[in-house]
2 protein chains.
Amino acid sequence: MAKGTIKAASERADLLPLISEVFRSHGYEGATLALIGEATGLGKGSLYHFFPDGKAQMAAEVLAEIDHWFEVNIFAALRKSDDPVRAIAEMTAGVDRYFHSGHRVCLVGVIALGASRDIFAAQVQDYFSRWNDALALALRRAGFSAGVSRRRSADALLTIQGALVLARALDDAKVFGQAMADMKARLLAK
Amino acid sequence: MAKGTIKAASERADLLPLISEVFRSHGYEGATLALIGEATGLGKGSLYHFFPDGKAQMAAEVLAEIDHWFEVNIFAALRKSDDPVRAIAEMTAGVDRYFHSGHRVCLVGVIALGASRDIFAAQVQDYFSRWNDALALALRRAGFSAGVSRRRSADALLTIQGALVLARALDDAKVFGQAMADMKARLLAK
DNA sequence: GTCTATAAAGCGATAGAC
DNA sequence: GTCTATCGCTTTATAGAC
C-alpha cells in the first residue's frame with residue numbers, strides 16, 4: 001500500500017463519524033451535500049474525491065461502520081462469551097453508551113422507516129438479523145429454550161428501537177433508561 | 001354552509017387518506033408533490049387550492065386526522081370505559097387493525113425520527129403523551145399503582161413503535177404479532 | 001487533494017387561462 | 001375547481017483550475 005493511500009484512508013475514516021451525525025440528525029434525504037460539507041469542512045469536490053458515488057456511498061459506508069462497531073463491541077461477545085449473562089449485561093451497557101442514554105437516534109432504524117429504505121434494505125436487515133441471532137444464541141447458552149430465546153431476543157431489539165422512537169417523540173430520555181432496565185430484566189427472567 | 005363548501009369539504013376529506021399513504025411510504029421529504037398528485041389524480045394547482053400552505057399543511061392535516069382516529073377509536077375508551085381491562089383489549093385489537101398487523105408503518109413515528117421532526121414536534125409529542133396518559137389512567141382504574149401504570153403505559157407505546165420498526169427492518173410482520181401478544185400480557189400481568 | 005463554477009434535474013410554489 | 005406553464009431555488013453531480 002502506498003503512502004498516499006494510507007494517509008487518505010486515515011483521513012477518510014475520520015470523515016465517517018462526522019457524516020454519520022449529519023445522517024442521524026437529518027435523515028438520508030435531509031442530509032444534503034451542503035450540510036455534509038459544513039460538518040466536515042470539505043467542499044463538494046473533496047467529498048466526491050473520497051466518495052465517487054456520492055451520498056449513497058457515504059450512507060452505505062456509514063452503515064457499514066455502524067455495523068462494524070456493533071459486530072466488534074456487541075455481537076462478538078454474545079456469540080463467543082462463555083458467560084452469556086455477562087455478555088448480555090455488557091450489551092445493555094454498550095447500547096446505553098452508544099445511544100447516549102436515549103439522546104442519540106439509531107440511524108439503522110431511521111433508514112428502516114424512511115424513504116431510502118429500499119436502497120439499504122439488505123444492509124438494514126442483515127444488521128438486525130445478525131444481532132437477533134447473536135442474542136438468541138447467548139440466551140440459549142444461558143439455558144433458555146430455542147423458542148424462548150428467539151422471542152426474547154426480538155423483544156429486546158424492538159424495545160431498544162421503540163424506546164429510541166418514544167424518547168425522541170416525547171423529548172424525554174428517561175423513557176429510554178426505564179425501557180433498558182425493563183428489557184434487561186425481561187431478558188434474563190426465569 | 002353553502003353547497004359548494006359541503007361538496008369541497010367532502011372531497012377534501014377523501015383526499016387525506018390518499019395523501020397519508022404517500023407520506024407513510026415515502027416520508028415527509030420523500031413525498032413530493034408529483035407523487036401526491038399521482039396518488040390523488042390531482043394537479044399541483046388543485047392541490048394548492050385545497051391546501052394553500054402546501055406540503056406542510058397536508059402533513060399537518062394528515063397528522064391531525066390520524067390523531068382524531070386514535071382519539072375516537074382508542075383513547076376515548078381508555079379514558080371513559082368502566083371496564084378498563086376490556087378497553088385495553090380493544091386498544092390492542094384496534095392497533096393491530098390500524099397497522100395492518102405490522103405491514104403498515106406509523107407515520108407519527110416516521111416523522112418523529114425523520115428530518116421534519118422539528119416542524120411537527122408539538123403534534124407528535126401531543127399524540128404520544130395523550131395516548132400515554134389515557135392508557136395509564138385505564139391501568140390505574142384496573143387497580144395498578146400510579147408508578148406501575150405509567151411505566152407499563154410507556155412500555156406498551158414503545159413496544160408498538162419498536163415492533164413496527166423491527167417488522168419493517170426484518171421484513172417480517174410476525175414480529176409485530178408476537179410483540180402485540182407479549183405487550184398485552186405485560187400490560188395486565190399481576 | 002481542495003476549491004469554484006456550473007451543469008442538469010427536481011423541488012415547492014405561483015400565476016393565470018379556462 | 002382544474003389545468004399548464006413557469007418562476008426561483010436547491011439538489012446531486014461534474015469539470016477543470018490550482
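Every chain is numbered from 1, with letters handed out A, B, ... down the list of sequences.
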Cation-pi, A:Phe144 ring and A:Arg152 (6.0 angstrom, 45 degrees): yes

Spacing between A:Arg12 atom CZ and C:dT2 atom P, to the nearest angstrom: 13 Å

For atom NE2 of A:His49 and atom P of C:dT2, their distance in whole Å: 7 Å

Gap between atoms NE2 and P, on A:His26 and D:dT11 respectively (whole Å): 11 Å

N-O pairing of B:Asp155 and B:Arg151 below 4.0 Å: no

Whole-Å gap separating P (D:dA5) and OH (B:Tyr48): 19 Å

Interface with DNA chain C, restricted to residues 31-47 of chain A and to heavy atoms under 4.0 Å: A:Gly41, A:Leu42, A:Gly43, A:Gly45, A:Ser46

Which nucleotide in D:dA13, C:dG1, D:dT2 has an atom nearest any side-chain atom of A:Lys55: D:dA13

Which nucleotide in D:dT2, C:dT2, C:dA13 has an atom nearest any side-chain atom of B:Glu11: D:dT2

N-O pairing of B:Glu71 and B:Arg79 below 4.0 Å: yes

Salt bridge present between B:Arg186 and A:Asp182 (N-O < 4.0 angstrom): no

Shortest non-hydrogen separation from A:Ser101 to A:Phe176 and the atoms involved: C-CD2, 3.3 Å

Between P of D:dT12 and CD of A:Gln57, the distance in whole Å: 15 Å

Rounded distance [0.5 Å steps], CG in A:Asp126 versus CG in B:Leu170: 10.5 Å

d(CZ, A:Phe51; P, D:dT12) in whole Å: 15 Å

